[in-house]
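Have a look at the structure below, then the notes.
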Amino acid sequence: MSLREMSIVPGAALEGRIEEVRELEASGTERYGIVKDRETGEHYLHYRYIHRDVAAGGAELAYHQLLPLETDEVLDLLFAGGAYRYPDAWRKPYLRNGPNEQYVWFDPSPAHEAEEAEREAERIRQTLLAFKRKGDFAAADVARLFRELDAEQDKES
């Protein structure tokens with residue numbers, strides 16, 4: 001069974017199925033690599049982050065995340081140096097470890113959608129402020145403003 005079909009993945013089962021294909025980057029606290037599920041042949045981008053809990057005397061906590069990759073994405077990472085850094089390149093659901101040594105699926109899209117909505121709102125706010133500074137509020141000017149706002153939104157879509 002594919003990990004993508006499981007809502008909760010036991011950590012021990014995951015460790016037994018995953019093998020590293022290639023390390024992409026490693027530092028003292030972070031590590032990125034491409035891994036493969038031995039049972040299904042599916043590839044994942046593995047991100048590990050080490051957190052030192054100062055309140056617990058410097059104990060290290062390891063957080064793991066696995067982003068499903070399609071074949072083209074694997075090739076892009078291996079040969080073209082595609083983007084993989086967390087959180088920027090992690091825009092679709094991925095597995096992350098949680099309590100009780102289990103992995104659960106996390107969908108980051110609501111957070112990304114909120115960021116995009118905030119950028120759009122700021123763009124509209126700046127356009128309206130510029131319009132207000134001009135002081136031309138004739139019907140033709142207002143109509144032009146709305147056409148410009150619509151055109152800009154169409155370009156971004």
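Not measured: the values here are computed from a predicted model.
With sequence neighbours left out, Tyr94 forms a ring pair (Phe, Tyr, Trp, His ring centres under 6.0 Å) with Trp90, Phe106. Residues that satisfy the side-chain hydrogen bond (donor to acceptor under 3.5 Å, both in side chains) test with Glu60, not counting sequence neighbours, are Arg52. By the side-chain hydrogen bond (donor to acceptor under 3.5 Å, both in side chains) test, Thr40 pairs with Asp37, Glu42, sequence neighbours left out. With sequence neighbours left out, Arg85 forms a salt bridge (Lys or Arg N to Asp or Glu O under 4.0 Å) with Glu25, Glu30.
Shown here for Met1 and Arg17, the closest heavy-atom pair between the two residues is O-NH2, 2.7 Å. Scanning both residues, Pro68 and Pro93, for their nearest heavy atoms gives CD-O, 3.4 Å. Smallest separation of non-hydrogen atoms from Val104 and Ile8: CG1-CG1, 4.2 Å. The two residues Pro108 and Lys92 make their nearest non-hydrogen contact at CD-O, 3.5 Å. Nearest heavy atom pair, residue Arg125 against residue Glu122, reads NE-OE1, 3.1 Å. The two residues Leu45 and Leu69 come nearest to each other via the heavy atoms N-CD1, 3.5 Å.
Distance check, rounded to the nearest 0.5 Å: CG of Leu128 to NZ of Lys132 gives 10.0 Å. Of the inter-residue distances, the one linking Ile18 atom CD1 with His43 atom NE2 reads 10.0 Å to the nearest 0.5 angstrom. A distance of 9.0 Å separates OG1 in Thr29 from CZ in Arg48, rounded to the nearest 0.5 Å. For the atom pair Asp76 CG and Thr71 OG1, the distance stands at 12.5 Å (nearest 0.5 Å). Distance OH/Tyr44 to CD1/Ile34: 14.0 Å, rounded to 0.5 Å. Between Glu19 atom CD and Arg38 atom CZ the span is 4.5 Å, to the nearest 0.5 Å.
For the pair Gln65 and Tyr103, the minimum side-chain heavy-atom distance is 4.5 Å or more. For the pair Leu3/Leu14, a side-chain contact is recorded, criterion being any heavy-atom separation below 4.5 Å from C-beta on.
Side-chain heavy atoms closer than 4.5 Å link hydrophobic residues (I, L, V, M, F, W, Y) into clusters, and following such links, possibly through other members, connects Val74 to Tyr84. Criterion: ILVMFWY side-chain heavy atoms under 4.5 Å apart, direct or through other members. Under it, Leu67 and Trp105 are not part of a common hydrophobic cluster.
Judged by distance alone, the side chain of Glu73 and the main-chain N or O of Glu70 form a donor-acceptor pair under 3.5 Å. Proximity of a side-chain donor or acceptor of Asn97 to a complementary backbone N or O of Ala62 within less than 3.5 Å is detected.
Residue pairs meeting the ring pair (Phe, Tyr, Trp, His ring centres under 6.0 Å) criterion with at least one partner in residues 47-73, sequence neighbours excluded, are Tyr32-Tyr47, His46-His64, Tyr47-Tyr86.
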Worked check of side chain to side chain contact (heavy atoms under 4.5 Å, CB included) between Leu149 and Thr127: CA-CA 8 Å; Leu149 287 171; Thr127 302; 3.6 Å; yes

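Counting non-hydrogen atoms of neighbouring residues, nucleotides and ligands closer than 6.0 angstrom, the CD atom of Glu101 reaches no more than 12 such neighbours. Heavy-atom neighbours of Arg22 CZ from other residues, nucleotides or ligands within 6.0 Å: at or below the threshold of 12.
Between Glu120 and Arg123 there is a salt bridge, with a side-chain nitrogen of the basic residue lying less than 4.0 Å from a carboxylate oxygen of the acidic one.
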Side-chain donor-acceptor pairs of residues 138-146 under 3.5 Å, sequence neighbours excluded:
from   : atom 1 : to     : atom 2 : distance (Å)
Asp141 : OD1    : Arg144 : NH2    : 2.3

